[in-house]
Amino acid sequence: MPKKGREMRLSKLFGKTLRQTPAEAENVSHQLLLKAGMIHQLAAGVYSYLPLALRALQKIENIIREEMDAVGGQELQMPVLQPLEMWRETERDLAFGKGLFTLSDRRERALVLGPTHEEVITELVKRNVQSYRDLPLLLYQIQTKFRDEPRPRGGLMRVREFGMKDLYSFDTDEEALNITYQKMIGAYKRIYERCGLDSVVVEADSGAIGGKESHEFMVIAESGEDVILNCSKCDYAANVEKAESVKPRGGEGGGGSEKGEMLPMEEVATPGKITIKEVSSFLGIPESQTLKAVFYAADGEVVFVAIRGDLEVNEVKLKNALGCHELRLAQEEEVAKAGLVAGSASPLGLSGVKQVGDPSITLGANLVAGANKPDTHMRNVNYPRDFTVDLLVDIATAQAGDGCLRCGAPLLTTRGIEVGHVFKLGSFFSERMGATFLNRDGVARPILMGCYGIGIGRLLAAAIEQYHDENGIIWPTPIAPYQVHLCPLSTDNEEVAARAESLYAELKREGLEVLFDDRAESPGVKLNDADLLGMPLRVVLSPRTLKTGSVEVKMRGEKEVALVPMKGVSGKLRAMLF
RNA sequence: CGGGGCGUAGCGCAGUUUGGUUAGCGCGCAGCGUUCGGGACGCUGAGGUCGGAGGUUCAAAUCCUCUCGCCCCGACCA
C-alpha cells in the first residue's frame with residue numbers, strides 16, 4: 001500500500017476535477033484522467049502524476065513487487081544515465097536509432113537516457129557472477145525509462161518518459177531459462193489478475209530488445225494500438241507483427257489453383273492500370289491471381305518485395321528477414337534508379353536488386369505480374385519457372401479469416417493494449433559483453449538471459465479503458481487510490497457534519513482508505529465527482545439517511561444502493577470491498 | 001518523417017475570411033446572500049504578452065515571413 005496516509009480530505013487534495021473534458025484527449029482513459037485532475041501534461045508524452053494517480057500507480061507497483069519477490073526476484077535500482085559507449089558495444093544504438101534520447105556531458109562524453117537496461121544489468125552481473133552456483137538469478141527494478149517515441153499518443157498509452165518494472169533473468173542453460181520464462185509468465189498472469197484486469201498472452205515479435213522467443217500480455221480494448229490474431233478454436237494467439245497463418249488458396253478459376261497447368265507467358269496491355277485493384281478488375285481476375293510488387297529501402301538499399309496481390313506485406317517480418325535496422329517504403333527516385341517501373345514493376349528479368357518473395361507467390365499458378373514497362377502486365381507468370389527471388393520467406397500479414405497454422409480453424413482479430421512483454425534473450429548480451437560463468441566442469445559459458453517488462457502507467461490507463469462508464473472511472477479495488485469515498489451531503493447541517501467527521505475517524509481507525517469529501521458543495525457536484533473519481537465504494541451521509549441512523553452505501557460499478565446502519569458500518573464496508 | 005488540424009483567461013470556445021475604440025461568452029475562481037439527494041441561483045469582483053520573433057500599416061488576435069508547441073491518421077514500443 002502507498003506509504004502515505006490512508007485518508008485524505010477532498011478539500012485539501014491537490015488536483016481539481018474539470019467540468020468539461022479537455023479537447024486534446026481522445027481515449028477514454030486520457031479524458032478521464034485529465035477530467036479527474038489526476039495527470040497533467042508538460043510536453044508531448046511527458047506527464048505529471050497528481051496524488052490520486054500516484055496512489056494508484058504505487059498500488060500497482062506494490063502488487064508487481066510482491067509477485068516478483070514471490071518468484072525470487074531481488075529489487076535493485078540502476079542508473080537512468082548510461083554511457084552511449086555501452087550501446088555501441090551491442091549495436092543497439094542502431095537498433096533503437098532515433099528512439100534513444102542522447103545527450104553529452106561537459107566533457108563531451110555521449111550519454112543516453114536509458115530506454116531499457118539490458119546492457120547495464122549485463123555489465124553489473126558480469127562483475128558479480130562467476131559460477132553456476134550464483135545462478136539462477138532474478139533481478140528487477142521499477143525505474144523511469146526514456147524513449148523518444150516518433151509519436152507519443154493517447155495520454156498515458158504511449159509516452160516518452162514512463163515508469164516500468166523490468167526484470168532480468170540469468171540462467172545456466174536453455175532448460176533453466178525455459179523454466180524461468182514460464183515462471184515469469186505465471187507471475188505476470190497473477191499480476192494482471194490481481195489488478196483486476198482481463199489479459200491474454202500472445203506470441204510477439206521481439207523488436208529492438210532482441211532475442212528469439214517473446215510474448216506479450218494484452219488487455220483487450222477497442223482503443224488498443226495492437227492487432228491480435230487468435231484462433232477461433234485452439235489457443236493460438238499472436239500479435240499481427242508476428243502472426244503466421246494459412247493463406248486462402250489462390251483465386252478459383254482462371255488457372256489460379258495450385259494444380260493449374262503452367263501456361264506460356266504473354267504480354268497484356270493494361271493502359272493506366274496501376275494498383276492491384278485496377279489491374280485485377282480490368283482483367284476480370286481475382287486479386288489473388290496477381291502478383292504485387294512493393295519496394296522498400298532497407299538501411300538505404302532498395303529491396304524488391306513480391307507477394308500475392310490479395311495479401312499485405314508485414315513490415316516487421318520483412319525487417320526481421322532482412323536483418324536491417326531501418327525499413328521504409330522506397331521513394332520514387334530510388335525505385336526508378338533501380339530500373340523499376342512503378343505500377344508495372346516486375347520480378348521478371350530483374351537483376352542488381354535484392355528480391356524477397358512471400359511463399360504465397362508459389363501457391364498459385366499463372367499469376368499476372370508487371371512487365372516492367374508502362375501500361376503493360378504479363379499473364380501466366382510462374383515461380384520459379386519465370387523468376388526467382390533471393391529470399392523466400394513468410395512476410396505476409398495474417399488476416400481475419402486466414403487458417404490457424406496449428407488447427408486450421410479460422411483466425412479472428414481483436415485489438416489490445418500491450419501491458420507487458422517478456423523475452424528470451426539467450427546469449428545475445430552475455431556474449432557481446434563477455435558475461436560468462438564457469439559450469440560444473442569448469443568451462444566458461446555465456447549466461448542465458450531473459451527480460452520481462454511491465455509499463456506501469458500504461459497498465460493504469462488500460463485499467464481505466466477497461467473499467468469506466470459515462471460518468472467516470474470505476475477503479476478495481478486493488479488499484480483504487482482509496483477504497484471508500486465518504487460523501488456527506490448538506491454539510492451545513494451540524495449533525496451531518498459531526499456524524500461525517502466521526503465516521504471518517506472510525507473508518508480510518510478500522511484501517512480503511514478513505515477519501516472524505518468535506519467540501520461545502522451541492523449534492524450534484526459531490527455525487528458527480530464521486531462517480532468521476534471512481535473509488536470502489538461510495539458512502540453517502542445526509543439528513544435523510546440520518547433519520548434512520550444509517551448511511552447509504554453503493555459500489556461504484558453497480559446501480560443498487562443499500563442503507564446500512566451506522567453502527568458497525570466499517571465491518572460491512574470491509575465485507576463489500578474484499 | 002509523410003498527411004491533416006489547432007494555438008485567444010485554469011477549462012471549453014467565439015472573434016481571424018472582409019485589419020478599426022477599453023478582446024468577448026460559458027464554466028471554473030474570490031466575496032456576500034439565498035439554496036442543498038445528481039454538475040443550484042442572484043449580486044459584486046479578479047484574471048489575457050491573443051504561442052513567439054520579425055515585417056506591412058495611421059492602426060494587427062486579424063495580413064505577410066520565419067519560428068516554437070500541441071493534437072489526430074500512418075511507419076516505432078512497455
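Naming convention: chains lettered A, B, ... in sequence-line order (proteins, then strands); numbering from 1 in each chain. Keep in mind that what you see is a predicted model, and the values were worked out from it rather than measured. Side chains included, hydrogens not; waters and symmetry mates left out as well; all remaining heavy atoms used.
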Base-pairing mate for [N] - Watson-Crick or G-U, with both contacts under 3.5 Å:
N	answer
B/A46	none
B/U62	none
B/U57	none
B/A14	none
B/C6	B/G69
B/C77	none
B/U21	none
B/U35	none

Across the strands shown, which category fits [X] at heavy-atom distances under 4.0 angstrom: base, sugar-phosphate, nothing?
X	result
A/K16	sugar-phosphate
A/N493	nothing
A/V159	base
A/K35	base
A/A43	sugar-phosphate
A/T491	nothing
A/Q143	nothing
A/G455	base
A/V419	sugar-phosphate
A/T144	nothing

Is the [X] ring parallel, tilted or perpendicular to the [Y] ring (thresholds 30°, 60°)?
X	Y	result
A/Y47	A/H30	perpendicular
A/Y192	A/Y188	perpendicular
A/Y181	A/Y452	tilted

**Message:** Heavy-atom nearest nucleotide on RNA chain B for A/E241 versus A/N27: which residue maps closer to 5'?
**Reply:**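 Its nucleotide being nearer the 5' end, the pick is A/N27.
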**Message:** By nearest heavy atom, map A/R538 and A/R151 onto RNA chain B; which one lands nearer the 5' end?
**Reply:**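 Going by which nucleotide is closer to the 5' end, it is A/R538.
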Send over the distance from [X] [atom1] to [N] [atom2], rounded to a whole Å.
X	N	atom1	atom2	answer
A/H325	B/C77	NE2	P	12 Å
A/E149	B/A78	CD	C1'	9 Å
A/L527	B/G37	CG	P	10 Å
A/R92	B/C77	CZ	P	11 Å
A/K98	B/A75	NZ	C1'	12 Å
A/L489	B/U35	CG	C1'	14 Å
A/E24	B/C73	CD	P	14 Å
A/D492	B/A40	CG	C1'	14 Å

Same-atom distance ([atom1]) from [N] to [M], integer angstrom:
N	M	atom1	result
B/A53	B/G15	P	25 Å
B/A14	B/G33	C1'	33 Å
B/G51	B/A30	C1'	28 Å
B/G4	B/U44	C1'	46 Å
B/U18	B/C64	P	10 Å
B/G7	B/G12	C1'	14 Å
B/C63	B/U16	P	9 Å
B/G52	B/C32	C1'	42 Å

Could you tell me whether the side chain of [X] has a donor or acceptor atom within less than 3.5 Å of a complementary atom in the base of [N]?
X	N	result
A/R544	B/C36	no
A/D531	B/G38	yes
A/E521	B/G39	no
A/D226	B/C77	yes

Under 4.0 Å from OP1 or OP2 of [N]: is there any side-chain N or O of [X] that close?
X	N	result
A/R19	B/G39	no
A/S522	B/A40	yes
A/R153	B/G74	yes
A/Q41	B/C71	yes

Note: [X]-[Y] ion pair, threshold 4.0 Å (strictly below):
X	Y	answer
A/K526	A/E521	no
A/D148	A/K98	no
A/E118	A/R92	yes

**Request:** Side chain of A/E552 only, please: which of B/G37, B/A78, B/G38 is the nearest?
**Result:**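 The nucleotide sitting nearest to the side chain is B/G37.
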Take a 6.0 Å sphere around [atom1] of [X] and say whether it holds more than 12 heavy atoms from other residues, nucleotides or ligands.
X	atom1	value
A/E225	CD	yes
A/E75	CD	yes
A/E24	CD	yes

